[in-house]
Amino acid sequence: MSKKIALVFGGSRGIGAACVETLAADGYEVAYTYVAKANAASKGRGYAADIREPAAIAKVFDEVERDFGARPHAVVANAGINVPGAPMAQFDAANFRQLVEVNIVGAFNILAEAARRVQDGGAIVAVTTSLVRFVVPGTGPYSATKAAVEALVRAMSKELSGRGVRVNGVAPGPVDTDLFNAGKTDEAKARMAAFSPLNRIGKPAEIAEVVRFLVSEKSSWIQGQIVQPNGGMV
(Lines give C-alpha, C1' and ligand atoms only; values in the text may rest on other atoms or scores of the structure.)
Protein backbone atom coordinates (compact mmCIF):
# COMPACT_ATOMS: atom_id res chain seq x y z
CA MET A 1 0.00 0.00 0.00
CA SER A 2 1.30 3.44 -0.92
CA LYS A 3 1.69 5.94 1.89
CA LYS A 4 -1.68 7.05 3.24
CA ILE A 5 -2.20 9.94 5.60
CA ALA A 6 -5.07 10.32 8.06
CA LEU A 7 -5.97 13.60 9.75
CA VAL A 8 -8.09 13.37 12.92
CA PHE A 9 -9.61 16.58 14.24
CA GLY A 10 -9.98 16.32 17.99
CA GLY A 11 -7.50 13.48 18.35
CA SER A 12 -5.82 14.09 21.70
CA ARG A 13 -8.20 12.07 23.89
CA GLY A 14 -11.32 9.91 23.95
CA ILE A 15 -12.72 8.66 20.65
CA GLY A 16 -10.31 10.82 18.66
CA ALA A 17 -7.24 9.42 20.41
CA ALA A 18 -8.55 5.89 19.83
CA CYS A 19 -8.95 6.73 16.12
CA VAL A 20 -5.35 7.97 15.98
CA GLU A 21 -4.03 4.75 17.52
CA THR A 22 -6.26 2.48 15.43
CA LEU A 23 -5.42 4.15 12.13
CA ALA A 24 -1.71 4.20 12.96
CA ALA A 25 -1.89 0.46 13.66
CA ASP A 26 -3.54 0.07 10.24
CA GLY A 27 -0.52 1.61 8.51
CA TYR A 28 -1.61 5.23 8.19
CA GLU A 29 0.67 8.12 8.95
CA VAL A 30 -1.55 10.04 11.33
CA ALA A 31 -1.87 13.72 12.16
CA TYR A 32 -4.32 15.02 14.75
CA THR A 33 -5.44 18.31 16.24
CA TYR A 34 -5.79 19.39 19.84
CA VAL A 35 -6.89 22.52 21.69
CA ALA A 36 -4.97 22.73 24.97
CA LYS A 37 -2.47 19.89 25.08
CA ALA A 38 -1.04 17.30 22.72
CA ASN A 39 -1.11 13.63 23.68
CA ALA A 40 2.51 12.74 24.54
CA ALA A 41 1.76 9.03 24.20
CA SER A 42 0.11 9.34 20.80
CA LYS A 43 1.44 7.64 17.69
CA GLY A 44 0.36 10.65 15.65
CA ARG A 45 1.73 14.13 15.13
CA GLY A 46 -0.23 16.87 16.87
CA TYR A 47 -1.25 20.33 15.64
CA ALA A 48 -2.97 22.98 17.75
CA ALA A 49 -6.15 24.32 16.16
CA ASP A 50 -9.27 26.26 17.06
CA ILE A 51 -11.84 24.70 14.75
CA ARG A 52 -14.08 27.78 15.04
CA GLU A 53 -11.62 29.62 12.79
CA PRO A 54 -11.54 28.64 9.09
CA ALA A 55 -7.98 29.94 8.74
CA ALA A 56 -6.83 27.63 11.55
CA ILE A 57 -8.28 24.62 9.72
CA ALA A 58 -6.63 25.61 6.44
CA LYS A 59 -3.32 26.04 8.27
CA VAL A 60 -3.52 22.49 9.64
CA PHE A 61 -4.06 21.09 6.15
CA ASP A 62 -1.13 23.17 4.87
CA GLU A 63 1.16 21.95 7.66
CA VAL A 64 0.14 18.31 7.24
CA GLU A 65 0.84 18.43 3.51
CA ARG A 66 4.21 20.09 4.20
CA ASP A 67 5.22 17.69 6.99
CA PHE A 68 3.94 14.44 5.44
CA GLY A 69 4.51 15.26 1.79
CA ALA A 70 0.95 14.66 0.63
CA ARG A 71 -2.65 15.61 1.27
CA PRO A 72 -4.72 13.43 3.63
CA HIS A 73 -6.42 10.38 2.26
CA ALA A 74 -8.71 10.18 5.29
CA VAL A 75 -10.17 13.00 7.41
CA VAL A 76 -12.03 12.36 10.67
CA ALA A 77 -14.12 15.24 12.03
CA ASN A 78 -14.33 14.28 15.68
CA ALA A 79 -13.72 17.59 17.48
CA GLY A 80 -16.70 18.79 19.49
CA ILE A 81 -18.00 19.73 22.91
CA ASN A 82 -20.97 19.20 25.19
CA VAL A 83 -22.40 21.35 27.97
CA PRO A 84 -24.58 20.52 31.00
CA GLY A 85 -27.93 19.27 29.77
CA ALA A 86 -31.24 20.87 30.68
CA PRO A 87 -34.83 21.00 29.45
CA MET A 88 -35.41 23.57 26.72
CA ALA A 89 -37.23 25.91 29.12
CA GLN A 90 -34.14 26.12 31.33
CA PHE A 91 -31.36 25.72 28.77
CA ASP A 92 -28.79 28.50 28.96
CA ALA A 93 -28.66 30.51 25.73
CA ALA A 94 -24.92 31.14 26.08
CA ASN A 95 -24.31 27.40 26.36
CA PHE A 96 -26.34 26.79 23.22
CA ARG A 97 -24.36 29.41 21.31
CA GLN A 98 -21.15 27.69 22.45
CA LEU A 99 -22.46 24.37 21.13
CA VAL A 100 -23.32 25.97 17.81
CA GLU A 101 -19.93 27.68 17.45
CA VAL A 102 -17.98 24.45 18.01
CA ASN A 103 -20.26 21.61 16.93
CA ILE A 104 -21.84 23.24 13.87
CA VAL A 105 -19.55 26.08 12.77
CA GLY A 106 -16.42 24.12 13.71
CA ALA A 107 -17.65 20.98 11.95
CA PHE A 108 -18.59 23.03 8.89
CA ASN A 109 -15.07 24.51 8.79
CA ILE A 110 -13.48 21.05 9.00
CA LEU A 111 -15.76 19.42 6.45
CA ALA A 112 -15.59 22.29 3.97
CA GLU A 113 -11.79 22.29 4.00
CA ALA A 114 -11.71 18.50 3.88
CA ALA A 115 -13.94 18.63 0.79
CA ARG A 116 -11.35 20.86 -0.88
CA ARG A 117 -8.22 19.09 0.33
CA VAL A 118 -8.83 15.35 0.77
CA GLN A 119 -7.28 13.17 -1.93
CA ASP A 120 -9.48 11.84 -4.71
CA GLY A 121 -10.65 8.37 -3.74
CA GLY A 122 -10.32 9.23 -0.06
CA ALA A 123 -12.77 9.21 2.81
CA ILE A 124 -14.27 11.68 5.26
CA VAL A 125 -15.94 10.57 8.49
CA ALA A 126 -17.83 12.85 10.89
CA VAL A 127 -18.55 11.75 14.47
CA THR A 128 -22.07 12.65 15.64
CA THR A 129 -24.32 10.96 18.22
CA SER A 130 -27.10 8.40 18.47
CA LEU A 131 -29.00 11.02 20.46
CA VAL A 132 -30.07 12.51 17.12
CA ARG A 133 -32.52 9.58 16.89
CA PHE A 134 -32.74 8.30 20.49
CA VAL A 135 -34.48 11.17 22.27
CA VAL A 136 -33.37 11.91 25.84
CA PRO A 137 -34.85 14.88 27.74
CA GLY A 138 -32.32 17.64 28.33
CA THR A 139 -30.16 16.77 25.32
CA GLY A 140 -32.11 18.58 22.59
CA PRO A 141 -29.69 21.45 21.88
CA TYR A 142 -26.64 19.17 21.80
CA SER A 143 -28.43 16.65 19.59
CA ALA A 144 -29.58 19.43 17.27
CA THR A 145 -25.99 20.50 16.60
CA LYS A 146 -25.06 16.94 15.69
CA ALA A 147 -28.13 16.59 13.47
CA ALA A 148 -26.81 19.57 11.51
CA VAL A 149 -23.52 17.75 10.98
CA GLU A 150 -25.37 14.72 9.65
CA ALA A 151 -27.13 16.94 7.12
CA LEU A 152 -23.74 18.22 5.94
CA VAL A 153 -22.49 14.63 5.62
CA ARG A 154 -25.41 13.57 3.45
CA ALA A 155 -25.04 16.56 1.13
CA MET A 156 -21.26 16.15 0.84
CA SER A 157 -21.58 12.48 -0.01
CA LYS A 158 -23.42 13.44 -3.20
CA GLU A 159 -21.20 16.43 -3.97
CA LEU A 160 -17.93 14.47 -3.72
CA SER A 161 -18.93 11.16 -5.27
CA GLY A 162 -17.58 12.28 -8.64
CA ARG A 163 -14.09 12.34 -7.12
CA GLY A 164 -14.56 8.94 -5.53
CA VAL A 165 -14.56 10.47 -2.03
CA ARG A 166 -16.80 8.67 0.45
CA VAL A 167 -18.43 10.72 3.21
CA ASN A 168 -20.13 9.01 6.15
CA GLY A 169 -21.00 9.61 9.77
CA VAL A 170 -20.50 7.61 12.95
CA ALA A 171 -23.13 8.21 15.64
CA PRO A 172 -22.06 6.49 18.88
CA GLY A 173 -24.17 5.80 21.90
CA PRO A 174 -22.72 6.57 25.37
CA VAL A 175 -18.94 6.02 25.33
CA ASP A 176 -16.51 6.04 28.25
CA THR A 177 -14.71 9.32 27.58
CA ASP A 178 -13.90 12.44 29.59
CA LEU A 179 -16.63 14.27 27.68
CA PHE A 180 -19.23 11.65 28.63
CA ASN A 181 -18.16 11.30 32.26
CA ALA A 182 -17.95 15.02 33.04
CA GLY A 183 -20.50 15.99 35.69
CA LYS A 184 -22.29 12.61 35.73
CA THR A 185 -22.96 10.60 38.88
CA ASP A 186 -22.57 6.83 38.93
CA GLU A 187 -26.36 6.62 38.98
CA ALA A 188 -26.62 8.72 35.83
CA LYS A 189 -24.01 6.59 34.08
CA ALA A 190 -25.92 3.44 35.05
CA ARG A 191 -29.12 4.89 33.58
CA MET A 192 -27.35 5.61 30.33
CA ALA A 193 -25.77 2.15 30.24
CA ALA A 194 -29.29 0.74 30.49
CA PHE A 195 -30.22 2.42 27.19
CA SER A 196 -28.45 -0.54 25.57
CA PRO A 197 -29.74 -4.12 26.02
CA LEU A 198 -26.08 -5.00 26.56
CA ASN A 199 -26.31 -2.78 29.67
CA ARG A 200 -22.93 -1.13 29.40
CA ILE A 201 -21.15 1.96 28.14
CA GLY A 202 -19.16 1.70 24.92
CA LYS A 203 -15.38 1.95 24.67
CA PRO A 204 -13.53 4.49 22.51
CA ALA A 205 -11.72 1.67 20.69
CA GLU A 206 -15.05 0.19 19.62
CA ILE A 207 -15.97 3.44 17.88
CA ALA A 208 -12.51 3.74 16.35
CA GLU A 209 -12.95 0.33 14.73
CA VAL A 210 -16.03 1.60 12.91
CA VAL A 211 -14.09 4.66 11.74
CA ARG A 212 -11.28 2.36 10.58
CA PHE A 213 -13.76 0.38 8.49
CA LEU A 214 -15.35 3.48 6.96
CA VAL A 215 -12.05 4.96 5.77
CA SER A 216 -10.88 1.61 4.38
CA GLU A 217 -11.53 0.09 0.96
CA LYS A 218 -13.67 -2.53 2.73
CA SER A 219 -16.43 0.09 2.89
CA SER A 220 -16.18 1.02 -0.80
CA TRP A 221 -19.96 0.68 -1.29
CA ILE A 222 -20.94 2.75 1.76
CA GLN A 223 -21.70 6.38 1.01
CA GLY A 224 -23.75 9.04 2.82
CA GLN A 225 -24.62 6.75 5.72
CA ILE A 226 -24.82 7.30 9.48
CA VAL A 227 -23.53 4.19 11.27
CA GLN A 228 -24.64 3.82 14.90
CA PRO A 229 -22.31 1.80 17.16
CA ASN A 230 -24.48 2.00 20.26
CA GLY A 231 -25.05 -1.50 21.58
CA GLY A 232 -28.63 -1.69 20.32
CA MET A 233 -29.77 1.66 21.74
CA VAL A 234 -32.92 1.99 19.60
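Along the sequence shown, residues carry numbers from 1. Note that these values count all heavy atoms, side chains included, but never hydrogens, waters or copies made by symmetry.
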Inset, instruction - Inspect the contact between Glu150 and Arg133 and indicate whether a charged nitrogen and a carboxylate oxygen are less than 4.0 angstrom apart. - result: yes
Inset, instruction - Calculate, to the nearest 0.5 Å, the distance between atoms CD1 and CD1 belonging to Ile110 and Ile124 respectively. - result: 11.0 Å
Inset, instruction - Check whether any side-chain N or O of Gln119 sits under 3.5 Å from a backbone N or O of Arg71 as a donor-acceptor pair, and report yes or no. - result: yes
Inset, instruction - Indicate yes or no: at least one non-hydrogen side-chain atom of Ile15 is less than 4.5 angstrom from one of Pro172. - result: yes
Inset, instruction - Would you indicate whether the side-chain heavy atoms of Val215 and Tyr28 approach each other to under 4.5 Å? - result: yes
Legend entry - Cluster overlap Leu23 with Val20, hydrophobic side-chain contacts below 4.5 Å: yes
Legend entry - Nearest heavy-atom neighbours spanning Glu101 and Val105: O-CB, 3.2 Å
Inset, instruction - Nearest 0.5 Å please: distance from the CD atom of Glu63 over to the OG1 atom of Thr33. - result: 11.5 Å
Inset, instruction - Specify the closest pair of heavy atoms between Gly14 and Pro204, including all atoms of both residues, with the distance to one decimal. - result: O-CB, 3.8 Å
Legend entry - Side chain proximity check, Val30 to Lys43, heavy atoms < 4.5 angstrom: no
Legend entry - is_close_aromatic(Phe195, Phe134), centroid dist under 6.0 Å: yes
Inset, instruction - Please report the closest heavy-atom contact between Asn39 and Ala17, naming both atoms and the distance. - result: ND2-CB, 4.2 Å
Inset, instruction - Working to the nearest 0.5 Å, report the span between OG of Ser196 and CE of Met233. - result: 8.5 Å
Legend entry - Check: Ala123 main-chain N/O paired with Arg166 side-chain donor or acceptor under 3.5 Å: no
Inset, instruction - Apply the test side chain to side chain contact (heavy atoms under 4.5 Å, CB included) to residues Lys146 and Val127: give CA-CA distance (whole Å), side-chain angles for both, the deciding distance (0.1 Å), then the verdict. - result: CA-CA 8 Å; Lys146 294 299 189 177; Val127 178; 5.7 Å; no
Legend entry - CG-CD distance between Leu7 and Glu29, expressed to the nearest 0.5 angstrom: 13.0 Å
Legend entry - Heavy-atom closest contact (Ala49 atom, Val60 atom, distance): CB-CG2, 3.7 Å
Inset, instruction - For residues Ala194 and Asn199, report the shortest heavy-atom separation together with the two atoms involved. - result: CA-OD1, 3.5 Å
Inset, instruction - Can you measure from NZ (Lys59) to CD1 (Ile57) and round to the nearest 0.5 angstrom? - result: 12.0 Å
Inset, instruction - Check whether any side-chain N or O of Ser219 sits under 3.5 Å from a backbone N or O of Phe213 as a donor-acceptor pair, and report yes or no. - result: yes
Inset, instruction - Output yes when a side-chain donor or acceptor of Arg163 lies under 3.5 Å from a complementary backbone atom of Val118, and no otherwise. - result: yes
Legend entry - Sole candidate of Asn82, Asn103, Thr128 that passes side chain to side chain donor-acceptor pair (under 3.5 Å) when paired with Thr145: Asn103
Inset, instruction - Please work out whether the ring planes of Phe68 and Tyr47 are parallel, tilted or perpendicular, with thresholds of 30° and 60°. - result: tilted
Legend entry - Check: Val132 main-chain N/O paired with Thr129 side-chain donor or acceptor under 3.5 Å: no
Inset, instruction - Keeping the roles fixed (side chain from Asn181, backbone from Thr177), state whether a donor-acceptor pair exists under 3.5 Å. - result: yes
Legend entry - Donor-acceptor contact below 3.5 Å, side chain Gln223 vs main chain Val167: yes
Legend entry - salt_bridge(Asp26, Lys4) N-O dist < 4.0 Å: no
Inset, instruction - Tell me whether Leu99 is reachable from Leu131 by hopping between hydrophobic residues (I, L, V, M, F, W, Y) whose side-chain heavy atoms are closer than 4.5 Å. - result: yes
Legend entry - Side-chain (Asn168) to main-chain (Gly224) donor-acceptor, under 3.5 angstrom: yes
Inset, instruction - Could you tell me whether Lys203 and Glu209 have a side-chain N and a carboxylate O separated by less than 4.0 Å? - result: no
Inset, instruction - Give the cluster check for Ile51 versus Phe61: same hydrophobic cluster or not, with ILVMFWY residues linked at side-chain heavy-atom distances below 4.5 Å. - result: yes
Inset, instruction - Please check if the side chain of Asp176 supplies one atom and the backbone of Ile201 the other of a donor-acceptor pair under 3.5 Å. - result: no
Inset, instruction - Report yes if the side chains of Asn78 and Tyr32 come closer than 4.5 Å at any heavy-atom pair, otherwise no. - result: no
Legend entry - Enclosure of Arg13 CZ (heavy-atom neighbours >12, cutoff 6.0 Å): no
Inset, instruction - Measure the spacing between OG of Ser216 and NE2 of His73 and express it to the nearest 0.5 Å. - result: 9.5 Å
Inset, instruction - Determine whether Val64 and Phe9 fall in the same hydrophobic cluster, where Ile, Leu, Val, Met, Phe, Trp and Tyr are linked whenever their side-chain heavy atoms lie under 4.5 Å apart. - result: yes
Inset, instruction - Would you indicate whether the side-chain heavy atoms of Val100 and Arg97 approach each other to under 4.5 Å? - result: no
Legend entry - Expected output: side-chain Asn95 to main-chain Val83 donor-acceptor under 3.5 Å: no
Inset, instruction - Check each of Val210, Ile226, Val76 against Val170 using the side chain to side chain contact (heavy atoms under 4.5 Å, CB included) test, and report the only one that passes. - result: Val210
Legend entry - Enclosure of Lys189 NZ (heavy-atom neighbours >12, cutoff 6.0 Å): yes
Inset, instruction - Write down the atom of Pro197, the atom of Gly231, and the distance for their closest heavy-atom approach. - result: CD-O, 3.1 Å
Inset, instruction - State yes or no: do Ile81 and Phe108 share one hydrophobic cluster built from I, L, V, M, F, W and Y residues joined by side-chain heavy-atom distances below 4.5 Å, directly or via other members? - result: yes
Inset, instruction - Report yes or no: is the cationic atom of Lys184 (NZ for Lys, CZ for Arg) closer than 6.0 Å to the six-membered ring centre of Phe180, at no more than 45° off its axis? - result: yes
